[in-house]
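Heavy atoms only: backbone and side chains are in, while hydrogens, waters and symmetry mates are out.
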Amino acid sequence: MASKFLSLACIRNENGSSSSRDLSARPHYPSMPKYPKGISIDDHDKKKRKEEEESYSESKSALFCVIGMTCSACAGSVEKAIKRLPGIKEAVVDVLNNRTQVLFYPDFINEETIRETIEDVGFEATLIEEELAERTFQVCRIRIKGMTCTTCSTTVESVLQGVHGVQKAQVALATEEAEIQFDSKIVNQNQLMETIENTGFEAILISVGEDMSKIHLEVEGVRVDESFRGIEKAIWSILGVEDVEIEPILRKVSIAYKPDQTGPRNFIKAIESIENKRFKARIFPGGAGREPHKQEEIRQYKIYFLWSLVFTIPVFLTSMVFMYIPAIKHVLDAKVVNMLTNGELLRWILATPVQFIIGHRFYTGAYKALRHKSANMDVLIALGTNAAYFYSVFSVIRAATSPTFQGTDFFETSAMLISFIILGKYLEVLAKGKTSEAIAKLMDLAPDTAILLTLDSEGNVTDEEEIDSRLIQKNDILKIIPGSKVAADGFVVWGQSHVNESMITGESRPVSKRKGDTVIGGTLNENGVLHVQATRVGSESSLSQIVRLVESAQMAKAPVQKFADRISKYFVPLVIILSFCTWLFWFLAGKFHAYPKSWIPSSMDSFQLALQFGISVMVIACPCALGLATPTAVMVGTGVGASQGVLIKGGQALESAHKVNCIVFDKTGTLTIGKPVVVNTKFLKRVPDFLELVAATEVNSEHPLAKAIVDYAKKCRGDDENQVWPEAHEFESITGHGVKAIVKGKQILVGNKSFLQNSSISVPADAEEFLAETEELAQTGILVSINEQVVGVLAISDPLKPGAREAISILKSMNIESIMVTGDNWGTAKSIAKEVGIEKVYAEAKPDQKAERIKELQNWGFIVAMVGDGINDSPALVAADVGMAIGAGTDIAIEAADIVLMKSNLEDVITAIDLSKKTFSRIRLNYIWALGYNILGIPIAAGVLFPSTRFRLPPWVAGAAMAASSVSVVCCSLLLKYYKRPKKLETLEIRGIQVE
C-alpha cells in the first residue's frame, strides 16, 4: 500500500537514555549468530526451513473470502492460525474486504486444509478461484509536454478515457502529468503514449506499476549491438528482474526489478563479469523526475525569449523611437521600390524569424488543438499575431507594387506580442517550478552516498566502502556517522544515538535510537555512530512513498476545478467571435463615418484602427489564468501541508476540509496516547498462576488492551521479551467484548462486564464496585473469569494526549463541534470526554455503528470529519466527508483516510482545517482575479473607453497584460508558501504542550 511508510515513519522510541560508551570504535556483534550477508538476524533460524520448503516446490497463491471478521483482533487470530501451519510462506488478511491471501507450498499443504484452519478459528471461509495475482490493472504516470491551458488537459484526459482498457485517467495541467489506471491485458503503456502523441503532445513515460523499482545504468566498452544482447541475457538471468530496456545510442540499460529479491549492485556485477570483464557499468548520469524536466523547460523559454529580443528590439526602435531622430528617420524613410521604405523592409526581415521560428510553438499548438476540434490559447495567439503580420505583409507588398499607396505596417505588434507572451510563459514556468518545491525538498533529503559495511561470518566488520545511495540493496548493513543522513529505512543492529526525524514526521525533538529500533531514510543522525540493516530501499522507502503520495495529491482535481473546465470549453470560441465582432463594429463605424476622423491616429486609417481593436481583444483574453487558479494553489497547499506533517490526499480533501463543522474523534490512540498500561489489579479469589493464565489467553489477541495485559504480566514476572506462555486451546475473540480460551485445562474468559454476563457468569458486587471506581477515573476495567467464576479485575489506563483538551477548546472557538465515538464502555468514555471538554459521546460502538453515526450527523446537515487510527475506524473514515488518520495508526486506516497526521498530534487537526481554509480562499482569490481580469480587460481592449478618453490598448500591451495575468495567478498561489499555523497553536507550543 502507498501509505505503509507511515506506520514506520511515526514509531517513537521509549527506551532509556543514551550510553556513554565509545560508539566510534569498530564494533563486534557478540550477541549475533553467524549469518550470511544479506540475511536478517531475526530470520536466520527460519531460513533453513524456508529453503527446504522452496527446494521441493514453487509457492502458490490462494485467495479466501472470510466472513465474520470485524477488527484487528480477528485479523490477527486468522493470520496467526494460518502461519502456524507447515508450508506457509506468507499470509495477509484484509478485514475491510473480508479477504485473506495465502502464499503456500503445495507439497506441504493444500487450500482445503487452510480453509478448514480458518473455520476452526471461528470464521466462515470460501476459496476464491480467481487469484489476486491474475488481476491485471496497473497504474502508469506519463509526463505530457506542450499543454498550455485547461482545454489541452481536458482534451488529453477525454481521449485517454475513451481508450478501451483504461479504467481511470487524470491529467494535471500544473504538473503536466497524467496518471492512468489501465488493464494491461487490453492495453499497454506504449499504446497510451501513442494515443497522447496522436492528440498532438509529447509523451514521456515516468513510471509503470507500484511494486517495482527501476534503475538506469550506463555501460562503457560496448562497441557492437551484439554485446547488448549478451548484457540483456545476463540481466534477465537474475531472479527478481521484471523488465529490461536498452538504448544502444545512449549506452543506457534500464532495469525494473523487485527490491526484495535483487538490487542494482547485482546488475553491475553481472554486466562487468561478461566477456573478460571488458564492460564497466555505473549509474546513468543525469537526474530523473520533475526537476530536470522543469529546468529544461525554463532554459528553453529563456533562450527563446533572449532570441526574440535580438529581433524585436530593433523592430521596436525602428517603428517607435528612431522616427523621432531626424537623421535616422531620413534613412528609414528612403524608398527602395515604389513606396516601399527601408524601415518597412527591415521590420519585415526582423519580424519574420520571430513569427515563424520563435513563434512556431503557437502554430503547432493551435494545429493540434484544431485537429481535435478544440481551441486553446495557442489558437488565440496564432490568430492575433497572424492578423497583424500578414496584414503588414500585404501592406508592404502593396507599397512595393504601387507608386501612390501609403500604408502602415504592424510588424512591431506581432513581434512584441510574441516576445511578451514568451516572457510571460518563462515567468510562469519559473513560478510553477516553485509550486512543487515541497517534492524537490523531500527528494533532496536522500543522501547521495552511503557507507556499506562488509561483515565476516562472526559478525565482525571487515571492510567499509562508500557507494552511491542508489546502489543500496535490501539487508545491506550501513554505517551512519554523526551529522550524516540515514541512507535507507531499516533497523539499528549496533550503536545508539539520537536521530532528528523532523524532516519526515514533523516531530521537532530528536528521537533516541538503539539496537532494534527502526530508522527512516533521509533523517539526520545527530551524535552517535549507528549500524543499520536496510529493510526498505528504492520505491519501497518511506521517503519515496511520501513523495508518491504528495504527487498523487497534486494530480487529484478539486471539484471546484470543474468550474474552470466548463468555462474553458466555450472561452476561446467566444473570444474569437467577440474579436471578429469588435473588428466589424469599428470597421463599419469608420466606413459609415459614425465617429469623427479626428479619432483616427495619423499613422493609420479606419480599417487599421479596427484591426488593432480586434487583435487586442483576441490576445488579451487569457484561459490560462483560469486553468491555473486551482491546481497551483492545491500544489502549494499540499506541499506546505507535507512540510507541516499533514499529508493531504488531493484537492477533494482540501475542498471538503474547509467546510467541516463537526469532528468525530475516536478515543483510543486518538484522544489518548494509545499505549494502555495496567495500573491496578483486584483479586477476588486467590489464584497462584493468575497472571500466567490471563497472559496465555491474551497473547493470541492483537488488541492494544491485550498487549497491555501481556506486558504487565512480563513485568511482574521479570521475564524477557521472549517469554513463552502456556498454550491456549480453542481460542476465540469476540469483537468489542473480550477473548476466551482453555489454558492448562481451565476455561479462561477475559473481557468486559457484558461479555461475562452473556456467557451466563454472574459478576460479584465487589467487582461491580471496582469497575465503577475505574470508570470514574477514566480507566477501563477488565474482568477475568476462571471456570465460570470471576476471580479478578484489571484496571487499564490509557493516558490522555498532552494538548488534547486545548485542541478541543480551539476547535470550539472555531465553531466546530467535537463528538467522541468509541467502542469502550460508557463510564470510561464519559470520563475521558469530560476531561477533554467534549459534550457529546457515543460509547460501546462497533465499527459499523461508528459509520452509521457519521451518516446520521451528515443527514442532520453537518460536514463531518472523522479522526481515528485503528482498523475499526476505517469504515467511519470512509463514510466521513473528510477522514483524518493518525500517522502512527494502522495501514488500513491510513489508506482509508483523506488526510494523514504524521505527528499523531491533535493540534494538526486544526492545522489541516486552517490550511484547507487558507488554500481554498486562495483558490477563490485566483478565480476572482482570473475572471475579473477577463471581464474588465476584454471591454477595454475592444475600445469601450476610446470614445470618451481616446484611450486604446495596443495589441502588444494587451499581450503583455495576458502574460502577466497567468504569472500573477501563480504568484498568488505561491504566497501560500508563507503559511503559518494559527496563533493559538503557537501559544500552545510556547507553553510547552507537545505530543511525545
Side-chain angles (χ1 to χ4, degrees), residues 506 558 560 633-634 637-638 640-641 643-649 651-667 670-671 800-821 832-842 853-854 856-858 860-868 876-877 880-887 897-925 975-976 978-991 993-995:
V560 71
V634 169
T638 52
V640 169
S643 68
Q644 297 273 350
V646 178
L647 295 182
I648 303 170
K649 298 183 182 179
Q652 172 76 58
L654 271 173
E655 185 164 343
S656 299
H658 94 280
K659 302 174 186 175
V660 166
N661 54 15
C662 176
I663 300 182
V664 176
F665 291 93
D666 175 46
K667 181 181 75 69
T670 303
L671 291 172
L800 203 63
K801 280 185 177 177
R805 183 177 180 83
E806 288 77 7
I808 299 299
S809 176
I810 293 172
L811 287 171
K812 193 176 289 185
S813 70
M814 296 168 65
N815 296 319
I816 297 174
E817 185 169 358
S818 298
I819 297 172
M820 186 171 78
V821 177
I832 291 289
K834 185 178 180 181
E835 196 173 343
V836 298
I838 291 177
E839 296 173 1
K840 289 186 180 180
V841 181
Y842 299 103
R853 291 295 183 189
I854 298 287
E856 282 178 16
L857 292 167
Q858 290 169 331
W860 293 343
F862 286 106
I863 306 298
V864 184
M866 170 71 193
V867 186
L877 289 168
D881 296 288
V882 181
M884 298 188 188
I886 297 296
D898 302 301
I899 297 174
V900 181
L901 311 177
M902 293 183 66
K903 288 184 283 187
S904 303
N905 188 337
L906 286 181
E907 295 167 19
D908 286 341
V909 174
I910 300 163
T911 302
I913 293 173
D914 185 66
L915 177 60
S916 68
K917 288 183 176 180
K918 296 281 174 60
T919 303
F920 207 76
S921 67
R922 192 67 58 181
I923 291 172
R924 284 201 192 99
L925 188 61
L975 291 176
L976 273 172
Y978 304 103
Y979 167 81
K980 290 184 179 179
R981 299 201 307 163
K983 289 184 178 179
K984 293 177 181 178
L985 293 182
E986 302 298 332
T987 305
L988 287 182
E989 286 191 357
I990 293 170
R991 286 166 53 191
I993 297 173
Q994 288 284 345
V995 175

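Residues Lys918 and Val640 fail the side-chain proximity criterion, which asks for heavy atoms closer than 4.5 Å. In this structure the side chain of Leu654 never reaches within 4.5 angstrom of the side chain of Ile899, judged on heavy atoms.
One finds the CZ atom of Arg922 at 5.0 Å from the CG atom of Leu975 (value rounded to the nearest 0.5 Å). In this structure, the separation between OG on Ser818 and NZ on Lys840 is 11.0 Å, given to the nearest 0.5 Å. To the nearest 0.5 Å, atoms CD1 (Ile886) and CG (Asp666) are separated by 9.0 Å. Atom CD of Glu817 and atom NZ of Lys812 lie 9.5 Å apart (nearest 0.5 Å). Here Met866 contributes atom CE and Leu877 contributes atom CG; the two are 5.5 Å apart, rounded to the nearest 0.5 Å. For the atom pair Ile819 CD1 and Ile838 CD1, the distance stands at 9.0 Å (nearest 0.5 Å).
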(Q) Applying side-chain contact (heavy atoms from CB on, under 4.5 Å) to Phe665 and Leu811, what does each step give before you reach the verdict? (A) CA-CA 12 Å; Phe665 291 93; Leu811 287 171; 3.7 Å; yes
Q. Which is it for Val634 and Ile923 under the side-chain contact (heavy atoms from CB on, under 4.5 Å) test, yes or no, and what are the steps along the way?
A. CA-CA 8 Å; Val634 169; Ile923 291 172; 4.3 Å; yes
**Q.** Worked verdict on Ile832 versus Met820 for side-chain contact (heavy atoms from CB on, under 4.5 Å)
**A.** CA-CA 9 Å; Ile832 291 289; Met820 186 171 78; 4.1 Å; yes
Q) Which is it for Ile663 and Ile913 under the side-chain contact (heavy atoms from CB on, under 4.5 Å) test, yes or no, and what are the steps along the way? A) CA-CA 11 Å; Ile663 300 182; Ile913 293 173; 3.4 Å; yes
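Between Val646 and Ala912 the shortest heavy-atom distance is CG1-CB, 3.8 Å. Closest heavy-atom contact between Ala633 and Thr919: O-CG2, 3.6 Å. The nearest pair of heavy atoms linking His658 to Glu655 is ND1-O, 2.5 Å. Among all heavy-atom pairs drawn from Ala657 and Val882, the shortest one is N-CG2, 3.6 Å. Residues Val864 and Ala880 approach most closely at O-CB, 3.7 Å, considering heavy atoms. Looking at every heavy atom in both residues, Ile816 comes nearest to Cys662 through CG2-N, 4.0 Å.
If you check the side chains of Asp881 and Gln858, you find a donor sitting under 3.5 Å from an acceptor.
Here the options are Glu806, Arg981, Lys801, the test is side-chain contact (heavy atoms from CB on, under 4.5 Å), and the partner is Glu907; only Arg981 passes.
A salt bridge between Asp914 and Lys980 is absent, with no side-chain N of the basic residue lying under 4.0 Å from a carboxylate O of the acidic one.
Counting heavy-atom neighbours within 6.0 Å of Glu856 CD, excluding the residue itself, gives a total above 12.
Judged by distance alone, with hydrogens and angles left aside, the side-chain atoms of Asp898 form no donor-acceptor pair with the main-chain N or O of Lys649 at under 3.5 Å. Judged purely by atom type and a 3.5 angstrom limit, Asn661 uses its side chain to pair as donor or acceptor with the backbone of Ile863. Without hydrogens or angle criteria, Ser809 side chain to Arg805 main chain gives no donor-acceptor distance under 3.5 Å.
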